[in-house]
Protein chains: 2
Amino acid sequence: MSIFSKTCEYAIRAVFFIAHRTESGDRVGIKEIATGISSPEHFLAKILQDLSRRGIVKSAKGPNGGFYMDEQTLRRPLVDVVEAVDGNGLFVGCGLGLVSCSEKKPCPLHAEFAVIRKNIHQMLVKTSIGDFTEDLNLGITNLKK
Amino acid sequence: MSIFSKTCEYAIRAVFFIAHRTESGDRVGIKEIATGISSPEHFLAKILQDLSRRGIVKSAKGPNGGFYMDEQTLRRPLVDVVEAVDGNGLFVGCGLGLVSCSEKKPCPLHAEFAVIRKNIHQMLVKTSIGDFTEDLNLGITNLKK
DNA sequence: AAAATAAAAGATAAAAAACTCTTTTATTAT
DNA sequence: ATAATAAAAGAGTTTTTTATCTTTTATTTT
């Protein structure tokens, strides 16, 4: 198990990649993104179609088409990407899978999980898609394999 | 997505239940555990077989048989249960799924995830299976549905 | 020894997640 | 208008996870 689903990992890596490649305003094709983040091309295509429908990335068909981002999408918090793909199960909901778990009727790990869930949520709310472009440009960080 | 797999959620709930029901030293059957934690009986049986092989729970066949725990297993940290079922992917490994991600060649969220992973790990190391028995006995916490 | 009990083991089935391939639609450039 | 390009959409397949059912093995009680 990892924190995010595979789909969500690809989604986050893809939006980082697009942000980093479209600062100048131009577009980047699915093939280039897929190789750039080491993901299966057609599977990623499905994911980006979905993110596009939800307005998290922009896309254009035809020659010189591809995926890109505008100032507004670059400022969207990471939590928007995660929620679009994996839903909010990571932030709400019981760590032990109990639907009835609540402050009143808590599971044994309720308090412990509250802290962890809050940490994850805050991290994803504080960070925006565009925040990571500079380090990628500088080669400090990396999205491949 | 939730933090743990369904299997792991059942496993944790089951060990809590067994700990809580076997303080007095007696054994509890798979049927009783399954209804006590709202899990599918045969699926849970598989999980407990595995935990039993790994020494995380004890079991005995035949009349008056069932699952139980001794002092030693009650003191084992929760992380042992999680690692037995879900592996250590939650504590080690990259949040974005990059196998090559490291301090030297980090993914963009490397630092952010380091904190979260450490939180989760510490929580699971600090808490033991037996730590939750009292609250369950008092009816403060709950393992059903 | 025989019957009853309960976990272990084996074999299968259903559902969800991950992944692939093909066709269609929109856009641009010639 | 035509050809070329690239995403969108549709229709699968494969793998993993979750779940069920049946048979076997070990243990206890009578």
Side-chain angles (χ1 to χ4, degrees), chain A residues 1-14 17-18 21-22 26-69 82 84-87 89-90 96-97, chain B residues 1-14 17-18 21-22 26-69 84-87 89 96-97:
Chain A
M1 263 291 180
S2 34
I3 302 236
F4 300 131
S5 68
K6 219 107 231 299
T7 303
C8 191
E9 291 176 356
Y10 292 146
I12 297 174
R13 274 149 64 193
F17 187 86
I18 298 168
R21 279 302 184 85
T22 61
D26 46 29
R27 295 149 181 187
V28 55
I30 184 74
K31 276 203 182 94
E32 200 179 337
I33 304 171
T35 50
I37 69 167
S38 311
S39 80
E41 183 188 326
H42 296 287
F43 187 48
L44 182 62
K46 289 292 169 198
I47 298 169
L48 288 179
Q49 274 165 37
D50 189 48
L51 293 181
S52 174
R53 254 180 256 116
R54 294 166 188 270
I56 292 171
V57 301
K58 303 272 177 181
S59 73
K61 289 183 176 182
N64 302 313
F67 295 90
Y68 64 101
M69 289 182 154
V82 174
V85 177
D86 279 351
L90 215 52
L96 297 185
Chain B
M1 265 291 179
S2 36
I3 303 237
F4 300 132
S5 68
K6 218 108 232 301
T7 303
C8 191
E9 291 176 355
Y10 293 146
I12 297 174
R13 275 150 63 193
F17 187 87
I18 298 168
R21 279 301 184 86
T22 61
D26 47 28
R27 295 150 182 185
V28 54
I30 184 73
K31 277 202 182 94
E32 198 179 339
I33 304 171
T35 51
I37 69 168
S38 313
S39 82
E41 181 187 328
H42 296 287
F43 187 49
L44 182 64
K46 290 291 169 196
I47 298 169
L48 288 179
Q49 273 165 39
D50 188 48
L51 293 182
S52 173
R53 254 180 256 117
R54 294 165 188 272
I56 293 171
V57 300
K58 304 271 178 184
S59 73
K61 289 183 177 181
N64 301 314
F67 295 91
Y68 63 101
M69 289 182 154
V85 177
D86 279 351
L96 298 184

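Order of the sequence lines sets the chain letters (A, B, ...), proteins ahead of strands, with each chain counted from 1.
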Side-chain donor/acceptor pairs under 3.5 Å, residues 44-55 of chain B, sequence neighbours excluded:
unit_1: B:Asp50; atom_1: OD1; unit_2: B:Arg53; atom_2: NH1; d: 3.2
unit_1: B:Asp50; atom_1: OD1; unit_2: B:Arg54; atom_2: NE; d: 3.4
unit_1: B:Asp50; atom_1: OD2; unit_2: B:Arg54; atom_2: NE; d: 3.2
unit_1: B:Ser52; atom_1: OG; unit_2: B:Ser59; atom_2: OG; d: 3.4

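Residues that satisfy the ring pair (Phe, Tyr, Trp, His ring centres under 6.0 Å) test with B:Tyr68, not counting sequence neighbours, are absent from this structure. The ring pair (Phe, Tyr, Trp, His ring centres under 6.0 Å) search around A:Tyr10 returns A:Phe43, not counting sequence neighbours. Not a single salt bridge (Lys or Arg N to Asp or Glu O under 4.0 Å) links B:Arg27 to another residue, sequence neighbours left out. Residues that satisfy the side chain to side chain contact (heavy atoms under 4.5 Å, CB included) test with A:Ser38, not counting sequence neighbours, are A:Arg13, A:Lys144, A:Lys145. Under the rule for a side-chain hydrogen bond (donor to acceptor under 3.5 Å, both in side chains), A:Thr7 has no partner lying at least two apart in sequence or in another chain. Legend: residues meeting side-chain hydrogen bond (donor to acceptor under 3.5 Å, both in side chains) with A:Thr22, ordered by chain and number and at least two apart, are absent.
Of all heavy-atom pairs between A:Leu96 and B:Glu9, the closest is O-CB, 3.5 Å. Considering all non-hydrogen atoms of both residues, A:Met69 and A:Ile56 come closest at CE-O, 3.5 Å.
Of the residues in residues 31-51 of chain B, those placing a heavy atom less than 4.0 Å from an atom of DNA chain C are B:Lys46, B:Gln49, in numerical order. Within residues 52-67 of chain A, the residues having any heavy atom closer than 4.0 Å to DNA chain C are, in order of number, A:Lys61, A:Gly62, A:Pro63, A:Asn64.
Taking atom OH on A:Tyr10 and atom C1' on C:dA17, their separation rounds to 11 Å, with Å as the unit. Following rounding to the nearest Å, B:Asp26 (CG) and C:dT5 (C1') show an atom-to-atom distance of 17 Å. Between the CD1 atom of B:Ile30 and the C1' atom of C:dA9 there is a distance of 14 Å, given to the nearest Å.
For DNA chain D, the span of nucleotides reached by chain B at under 4.0 Å from its heavy atoms goes, 5' to 3', from D:dT18 to D:dT29.
Applying the 4.0 Å criterion to OP1 and OP2 of C:dA17, one finds that A:Thr7 has every side-chain N and O outside that range.
Residue pairs meeting the salt bridge (Lys or Arg N to Asp or Glu O under 4.0 Å) criterion with at least one member in residues 33-42 of chain A: none, sequence neighbours excluded.
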